[in-house]
Amino acid sequence: MTARGIRTDEDADDLDAEEALALVKQDHGPAPDGRAPASPAHRGHRTAHDSRAPHDRARATSWPEARDPRAAHARSRATPWPEARETAARAVRAAARNARRALVPVPLDAALGLTLAAPLTALTDLPSFDTSAMDGWAVAGPGAWEVRDAGVLAGHAEPEPLTDGTAVRIATGARIPPGTTAVLRTEHGRVDDRGRLHATREVVPGQDTRPRGQECRSGDQLLPVGTQVTPAVLGLAAAAGYDAVTVVPRPRADVFVLGDELLAGGLPRDGLIRDALGPMLPPWLRALGAEVTAVRRIGDDAEALHRALTASDADVVVTTGGTAAGPVDHVRPTLRRIGAELLVDGVQVRPGHPMLLARTKENQHLVGLPGNPLAAVSGLLTLAEPLVRILAARPAPQPCAMPLAEEVQGHPHDTRLVPVVLRGDRAVPLHYNGPAMLRGIAAADALAVVPPGGARRGQETELLDLPWASQGIEVCFT
Ligand SMILES: Nc1nc2c(c(=O)[nH]1)N[C@H]1C(S)=C(S)[C@@H](COP(=O)(O)OP(=O)(O)OC[C@H]3O[C@@H](n4cnc5c(N)ncnc54)[C@H](O)[C@@H]3O)O[C@H]1N2
Ligand code: MOO
């Protein structure tokens, strides 16, 4: 079966399907693998086939893997993309409920970003005493007033009562003396030569005072279970008397980076490449709500993977690489060896289709991310995001869709995730969206979810949030 609107062309068969997709956006830019554009001399040697615009070449591709019976078999096991996300969420719902029974309070300075597991109930009245809202004088009865010598500052013990016709200097936040009928702001009062205070405008009883309990009474519910702890929530909790709040702990995630070809520093050399996932995944997982408890480079060593996996007591294990069927792709064999239950065995999504999800222990799940870096991002957002979100009891992101600024070529059977930037009310697909490339996603505001068959220019398309995209997807909701 070929893609809708894709012309079969024998020349194009040797063009890898993913490569073809990357070419779609390369009309005038560099080659899809990030190389510089071909030199004019090179261009001069184009064949008749090459002379077609890259866009046309992509359209002419016949998705050779789509006709391969092995590919068809793998596809029959693979889970459709929306279902894969639901499976990941469902897999940990029970675990998340059980974990919430053993909650412990977390000090305020460690609670940012977590989710309240108990309602935030006021431990005190707020304000907890009648207080002045302004710098000025506390006055009793109608003026003019005799002004007492000693003033009242915030933090002082309860001041002496006022009797009608008397006043006392008072600071914002100070306790107002019993008998106070109003506070007169500094700029609305004048003290004459004999020390008597006169109001320069009408005084309304109760003005500029904050009565005890104005904001809440002790025992009032301030915030419900499920509230995200923001800086403002930390402030409210402190004001309401809390030193610690009861929250859902971050799920613990171990990251195992597989591959003998990976370098931890310096320039690529001798067939070795830099590990792009070791630096990228831990902060991304933290942004999704996890606590990253270990990041280990394991190489292509099946025994080492087995040891690491059986020793891990994390809630979520994330592996990178080794998901395909190559000679050193050890993830699936190791899962079989430990008797893990494969919940998602490939997903109908590009890039990233070899991704997997397994239950490895009673309360442990493993997300196997493909090694190609953008494929790993796809796996992270498809499987790890719902898993971590449910375990961390975070709310589901608001669905967001925007029209595409340009047509996006689709895969015949699979969903595509394509990095986009948001410009005005349009999502603009980015170049460099090949599975091995991070250049597009690094510049992106979101990932567009392109359904099988593709999406037309102007078609409303679902967007996946990137946790740091402050200028990005939020525009959907403003
Ligand atoms: N015969 C087949 N081969 C492949 C298929 C297939 O269906 N049949 N699928 C391809 C697809 S799609 C992907 S994606 C990859 C998945 O491969 P693995 O998960 O087994 O990953 P590796 O083979 O270990 O690596 C793939 C690629 O990514 C590079 N890589 C790996 N880890 C990192 C890292 N941490 N940082 C940067 N780059 C990394 C690695 O060097 C390879 O180039 O399989 C295809 N093959
Ligand atoms: O090409 Mo692979 O789809 O997962 O990156």
Side-chain angles (χ1 to χ4, degrees), residues 15-23 32-34 63-78 81 84 255-265 267-282 284 295-302 305 318-335 344-357 366-383 410-419 432-442 447 450:
L15 185 66
D16 176 86
E18 299 298 341
E19 213 179 332
L21 285 172
L23 280 171
D33 57 4
W63 297 98
E65 57 72 270
R67 295 196 308 251
D68 177 344
R70 282 166 309 170
H73 177 68
R75 205 167 46 247
S76 68
R77 273 199 322 265
W81 182 78
V255 178
F256 300 154
V257 177
L258 314 184
D260 282 345
E261 73 279 31
L262 302 175
L263 293 168
L267 288 174
R269 58 178 159 77
D270 307 327
L272 305 176
I273 59 163
R274 282 293 297 273
D275 166 22
L277 300 178
M280 180 176 81
L281 293 176
W284 205 321
V295 181
R296 296 185 50 193
R297 290 202 172 79
I298 289 194
D300 286 319
D301 180 341
L305 176 61
V318 176
T319 59
T320 71
T323 60
V328 290
D329 290 334
H330 299 307
V331 175
R332 279 180 175 79
T334 305
L335 290 173
V344 173
D345 186 7
V347 175
Q348 292 171 18
V349 66
R350 302 294 162 135
H353 69 97
M355 68 178 74
L356 60 89
L357 172 66
L366 177 141
V367 176
L369 301 178
N372 275 329
L374 190 61
V377 170
S378 167
L380 188 74
L381 295 188
T382 300
L383 297 175
H411 184 277
H413 317 285
D414 295 356
T415 300
R416 281 189 71 202
L417 300 182
V418 177
Y432 305 106
N433 55 33
M437 300 177 189
L438 289 174
R439 194 168 159 186
I441 187 76
L447 279 174
V450 177

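From a predicted model like this one, the values you see are computed outputs, not experimental measurements. For ligands, and for the atoms within them, numbers begin at 1 and follow the listed sequence.
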Please confirm whether Pro435 approaches ligand 1 to less than 4.0 Å, judged on its heavy atoms. no
With atoms numbered from 1 as shown, which atoms in ligand 2 lie under 4.0 angstrom from a non-hydrogen atom of His353? 3 (O), 4 (O)
Heavy atoms only: which of Thr323, Leu369, Val328, Leu258 lies closest to atom 19 (O) of ligand 1? Thr323
Just heavy atoms, cut-off under 4.0 Å: does Ile273 contact ligand 1 by side chain, backbone, both, or neither? side chain
Which of the atoms in ligand 2, numbered in the order shown and given with their element, are less than 4.0 Å from a heavy-atom of Pro354? 4 (O)
Measure from atom 43 (O) of ligand 1 to every heavy atom in Asp329, Asp300, Leu272, Asn372 and give the option owning the shortest one. Asn372
Short question: side chain of Glu261, backbone of Ile273 - any donor-acceptor pair under 3.5 Å? no
Nitrogen or oxygen of Gly352 less than 3.5 angstrom from that of ligand 2: yes
Against heavy atoms of Ala375, which atoms of ligand 2 measure under 4.0 Å? 4 (O), 5 (O)
Arg350 near ligand 1 by a heavy-atom separation under 4.0 Å: no
Quick look: Arg274 vs ligand 1, heavy-atom contacts under 4.0 Å, and the answer is backbone
Below 3.5 Å, N or O to N or O, backbone or side chain included: is there any such pair between Thr320 and ligand 1? no
